[in-house]
Amino acid sequence: MSQKPNLPRGMRDFGPEQMTKRNYIFQNIKDVFQKYGFMPLETPAMENLSVLTGKYGDEGDRLLYKVLNSGDFLGKVTSDDFTSGSKEVLPKVSEKGLKYDLTVPFARYVVKNRHELTIPFKRYQMQPVWRADNPQKGRYREFYQCDADVIGTESLLCETEIILMINEVFEQLGITDFTIKMNHRKILNGVTEYIGAKDKETDFLVAIDKLDKIGMAKVKQELVNRGLTNESVEKAEQVLNISGENLERLNILKNVLEGFPSGEEGINDIESILAMVQKFGLDDHHIELDVTLARGLSYYTGTIFEVKVNNVSMGSVTGGGRYDDLTGVFGVPDLSGVGFSFGVDRIYDVMEELDLFPSDKLTGTKVLIIHLDQTSFEYGLGALNRLRRKSISSEIFPDPAKPKKQFSYANKKGIPYVIVVGSEEVNTGLLTFKDMHTGNEEKCTLESIIGKLSID
RNA sequence: GUGAUUGUAGUUCAGUUGGUUAGAACGCCUGAUUGUGGUUCAGGAGGUCGUGGGUUCGAGUCCCAUCUUUCACCCCA
């Protein structure tokens, strides 16, 4: 027990059964991305720290995994650096880090290849990212993100298509009870202006983002603690209490934010998106306008959204938004982009909790050939070859073993059918074909077996 | 980074105020069944009690450190 090798904290293996389920999710997402015209992209696990740092706020910088330089990593460090602490030492011992999300490396890629890209550039990316966070439920130190971004257009069609894609993916995965929470950074700007707390915008956003978690009373308390005036807090409560259908909420907001240009722009965007979603004939679009949705990442400037699966104990499973100037920090301003990301690991946990994995779509090997002696083994090899030529996922037990052991193997692997080959079968050419689920057996030619297995 | 919490067989867990040889269930292996799994029955293997120190005549049990698990804060997929 004690000798067992262990994994680093927050990192996980995925066994065959888990991988089958994970691939099922990946495949669904990938199919939808491609259907909407996104092309695949991969970037390395590591980026230079100069690319990563400063993009995710102070908190993000803390959660970045830094990679020690190769060779004599202490070579450039003086004893003065050492005594003045890790801040001085870090840049001298580490130049690279593991990527924290897929959006920033994507922006780096866009800048690097901007002359070759067809604009608008649409890409999807499904890769692991790393965060040195403390693990807990639905939170890992290594996890996959599935991003799709469009860069180089301000069209609200992008936002609309994101909503369509989210609906398609969740529908295909069998997740029906979910909510796409949508908001707009400009609406939030307008609200902060309206309540007279323009200089406290970050404090305001951080506090209201917790509303559904800690309740109005505590949010108000936190707003006061963060230095907002009582008048601001009262006005904020009035806005945060807006309820009703999306259109009603919009109308109330319109009145409140009249005369605040930023807020008006945000409302117009949301209205356009909702109208366009209707044009695609999506009646049950799961959208809920939520003025408390703020989202952490500081680079969002337009529409923001987040998906929550209802009635499960899990944070958001998808998130995204529009960023007007992500590439600005890399020297290319005015490239507007919008993107979103599925959290596969969380979707997996949710589907497990709701028991949504379809067992029939997840089987690997379809048929196992069981042999009883050397002659039948060799006969079986020929049959195996023919099955595989017909693209039937099949295997033969590799060792001479008792039937009991071979059947048991099929059973444990969940292989739905077996073919038994013994001297009788070799002589007659009629193979014993068994349905492991029902236990029924029949004698068939290989052709008719192939026929039956090809139907499924 | 802060505050709690967990660790005993492959897995999930019992284990009394510190006291003989650390248990169960499931799983695994063998046989009942030399051409049949999943059910049943009989038997068997498997543990440095996370690790390192300490207290004690004696530690799975108490103390310290460390790692790990889970959860909350922060933040977030």
Side-chain angles (χ1 to χ4, degrees), chain A residues 1-12 15 25 29 56-64 86 100-103 126-147 202 205-207 209-210 213-214 218 222 293-298 300 305-309 313-321 339-350 368 370-373 376 397 400-426 431-441 443:
Chain A
M1 189 76 184
S2 58
Q3 305 298 331
K4 269 189 202 162
N6 217 341
L7 283 168
R9 195 171 161 75
M11 310 260 170
R12 299 158 301 156
I25 300 174
I29 295 173
Y56 311 104
D58 292 345
E59 192 65 24
D61 287 351
R62 207 195 77 210
L63 300 179
L64 272 175
S86 45
Y100 179 90
D101 73 356
L102 301 179
T103 310
M126 313 203 304
Q127 288 190 273
V129 300
W130 294 268
R131 295 183 188 178
D133 202 356
N134 265 344
Q136 49 182 281
K137 180 164 188 180
R139 174 176 300 192
Y140 309 100
R141 285 183 158 178
E142 179 185 50
F143 61 96
Y144 271 75
Q145 290 191 330
C146 300
D147 278 34
T202 309
L205 296 186
V206 170
D209 201 33
K210 302 177 187 169
K213 213 170 181 182
I214 63 176
K218 283 187 176 173
E222 185 160 343
L293 176 65
R295 286 191 62 75
L297 291 172
S298 41
Y300 292 124
F305 40 86
E306 197 166 277
V307 180
K308 172 92 180 61
V309 178
S313 51
M314 181 61 70
S316 67
V317 293
T318 294
F340 73 120
S341 178
F342 289 104
V344 174
D345 303 84
R346 287 189 172 180
I347 292 174
Y348 180 100
D349 289 349
V350 164
L368 174 75
I370 287 177
H371 51 90
L372 305 173
D373 54 39
S376 47
F397 200 82
K402 290 180 184 175
K404 181 187 171 105
K405 186 160 185 170
Q406 301 189 50
F407 272 98
S408 181
Y409 175 80
N411 199 51
K412 281 179 200 159
K413 263 189 95 166
I415 300 173
Y417 300 100
V418 301
I419 294 169
V420 183
V421 183
S423 53
E424 196 184 307
E425 286 82 354
V426 171
L431 309 182
T432 303
F433 181 60
K434 177 163 181 171
D435 181 327
M436 291 295 280
H437 185 63
T438 62
N440 291 339
E441 271 184 29
K443 299 276 188 183

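Letters A, B, ... mirror the listed sequences (proteins, then strands); counts begin at 1.
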Would you measure the distance from the P atom in B:A22 across to the matching atom in B:G60 and give it in whole Å?
10 Å
Classify the ring geometry of A:Y100 against A:Y56: parallel below 30°, tilted from 30° to 60°, perpendicular beyond 60°.
tilted
Could one point to a donor on the side chain of A:R346 or the base of B:C76 with an acceptor on the other under 3.5 Å away?
yes
Nearest to the side chain of A:K434, heavy atoms from C-beta on, is which of B:C76, B:C74, B:G37?
B:G37
With sequence neighbours left out, what residues match A:P403 under side chain to side chain contact (heavy atoms under 4.5 Å, CB included)?
A:L372, A:F407
Can you list the residues that meet the side chain to side chain contact (heavy atoms under 4.5 Å, CB included) rule with A:D345, with sequence neighbours excluded?
A:R12, A:F14, A:R22, A:Y140, A:F143, A:Y144
Let's see if you can work this out: which of B:C73, B:C29, B:U2 has an atom nearest to the side-chain heavy atoms of A:K213?
B:C73
B:U61 and B:G19: how far apart are their C1' atoms, nearest whole angstrom?
11 Å
Could you tell me how far apart A:K412 (NZ) and B:U36 (C1') are, to the nearest whole angstrom?
15 Å
Under 4.0 angstrom, heavy atoms only, what part of the nucleic acid is A:S316 near: base, sugar-phosphate, or nothing?
sugar-phosphate
Any N/O donor-acceptor pair, A:R131 side-chain to B:C75 base, under 3.5 Å:
no
What's the closest nucleotide to the side chain of A:R62 if the choices are B:C76, B:U68, B:G1?
B:G1
Using distance alone, with no hydrogens and no angle criterion, decide if A:T103 and A:D147 have a side-chain donor and acceptor under 3.5 Å apart.
yes
Check every strand shown and say whether A:V418 touches a base, only sugar-phosphate, or nothing at a heavy-atom separation below 4.0 Å.
nothing
Counting the atoms with a prime plus P, OP1 and OP2 as sugar-phosphate, which does A:G439 contact under 4.0 Å by heavy atoms, base, sugar-phosphate, or nothing?
base
In whole angstrom, give the distance that lies between atom NZ of A:K405 and atom P of B:U36.
16 Å
Looking at B:C71, B:G37, B:C29, which one has an atom nearest to any side-chain atom of A:F407?
B:G37
On a whole-Å scale, what distance lies between the C1' atoms belonging to B:U39 and B:C62?
48 Å
B:A45 versus B:A24 - spacing of their P atoms, nearest Å
12 Å
Does A:F342 lie flat on the base of B:A77, that is, centres under 5.5 Å apart and planes under 30° off?
no
CG of A:N134 versus P of B:G1: gap in Å, rounded?
8 Å
Determine the Euclidean distance between corresponding C1' atoms of B:C29 and B:A9; express it in Å to zero decimal places.
15 Å
Among B:U69, B:G37, B:A72, find the nucleotide with the atom closest to the side chain of A:Q136.
B:A72
Give the dot-bracket string for RNA chain B, reading 5' to 3', where a pair is Watson-Crick or G-U wobble with both distances under 3.5 Å, ( ) marks pairs inside the strand, [ ] marks pairs crossing earlier ones, | marks a partner on another strand, and . marks unpaired.
((((..(..((((.....[...)))).(((((.......))))).....(((((..]....))))))..))))....
Please name all residues satisfying side chain to side chain contact (heavy atoms under 4.5 Å, CB included) with A:Q127, sequence neighbours left out, ordered by chain then number.
A:E42, A:T43, A:K99, A:L102, A:Q125
Crowded around A:K405 NZ? As in, over 12 foreign heavy atoms under 6.0 Å?
no
Using only side-chain N and O atoms of A:K210, determine if any of them is under 4.0 Å from OP1 or OP2 of B:C74.
yes
Would you kindly give the CG-to-P distance between A:D101 and B:C76, to the nearest whole Å?
11 Å
For A:Y140, answer base if it contacts any base atom (sugar-phosphate contacts may also be present), sugar-phosphate if it contacts only those atoms, and nothing otherwise; contact means non-hydrogen atoms under 4.0 Å.
base
Remember a base hit wins even if backbone is also touched, and classify A:G138 as base, sugar-phosphate or nothing at under 4.0 Å, heavy atoms.
base
B:A77 C1' sits how many Å from A:D209 CG, rounded?
14 Å
Spacing of the P atoms in B:U51 and B:G31 (rounded, Å)
35 Å
Who passes side chain to side chain contact (heavy atoms under 4.5 Å, CB included) against A:S316, sequence neighbours left out?
A:E306, A:R346
Listed partners of A:D435 passing salt bridge (Lys or Arg N to Asp or Glu O under 4.0 Å), at least two apart:
none
Just checking A:Q406: base, sugar-phosphate only, or nothing, at a heavy-atom cut-off of under 4.0 Å?
nothing
Can you identify which nucleotide, out of B:U36, B:G37, B:C75, has its nearest atom closest to the A:N411 side chain?
B:G37
Just checking A:S423: base, sugar-phosphate only, or nothing, at a heavy-atom cut-off of under 4.0 Å?
base
Check the distance between B:C74's C1' and A:D58's CG and give it to me in whole angstrom.
12 Å
Using a 4.0 Å heavy-atom cut-off across all strands, classify A:V317 as base, sugar-phosphate, or nothing.
sugar-phosphate
Assign A:K402 to base, sugar-phosphate, or nothing according to its heavy-atom contacts below 4.0 angstrom with the strands shown.
sugar-phosphate
Presence of salt bridge, A:R9 and A:E142, under 4.0 angstrom:
no
Write down the distance separating the P atoms in B:G7 and B:C71, rounded off to the nearest Å.
16 Å
So what does A:E306 hit on the nucleic acid, given a heavy-atom distance under 4.0 Å: a base, only sugar-phosphate, or nothing?
nothing
Need one value for A:E142: base, sugar-phosphate or nothing, where a base atom within 4.0 Å counts as base even if backbone is also close, heavy atoms only.
nothing
Of all the choices, B:U36, B:A72, B:C75, which nucleotide is nearest to the side chain of A:E59 once you look at every atom?
B:C75
Identify, between A:G60 and A:E441, the residue whose nearest nucleotide on RNA chain B lies closer to the 5' end.
A:E441
Quick check: on RNA chain B, is the nucleotide nearest A:G422 upstream (toward 5') of the one nearest A:H437, or the reverse? Name the residue that is more 5'.
A:G422
Let me know the distance between CG of A:D133 and C1' of B:U2, rounded to the nearest Å.
13 Å
Between A:D133 and A:R141, does any NZ, NE, NH1 or NH2 come within less than 4.0 Å of an OD or OE carboxylate oxygen?
no
For A:E425 and A:T432, what are the C-alpha separation, side-chain angles and deciding distance, and is it a side chain to side chain contact (heavy atoms under 4.5 Å, CB included)?
CA-CA 7 Å; A:E425 286 82 354; A:T432 303; 2.5 Å; yes
Could you work out the separation of B:C57 and B:C73 based on their P atoms and round it to a whole Å?
47 Å
Rounded to whole Å, the NZ-P distance (A:K443 to B:G35) equals 13 Å
Can you see if the side chain of A:R139 gets near the phosphate of B:A77 - specifically, an N or O under 4.0 Å from OP1 or OP2?
no
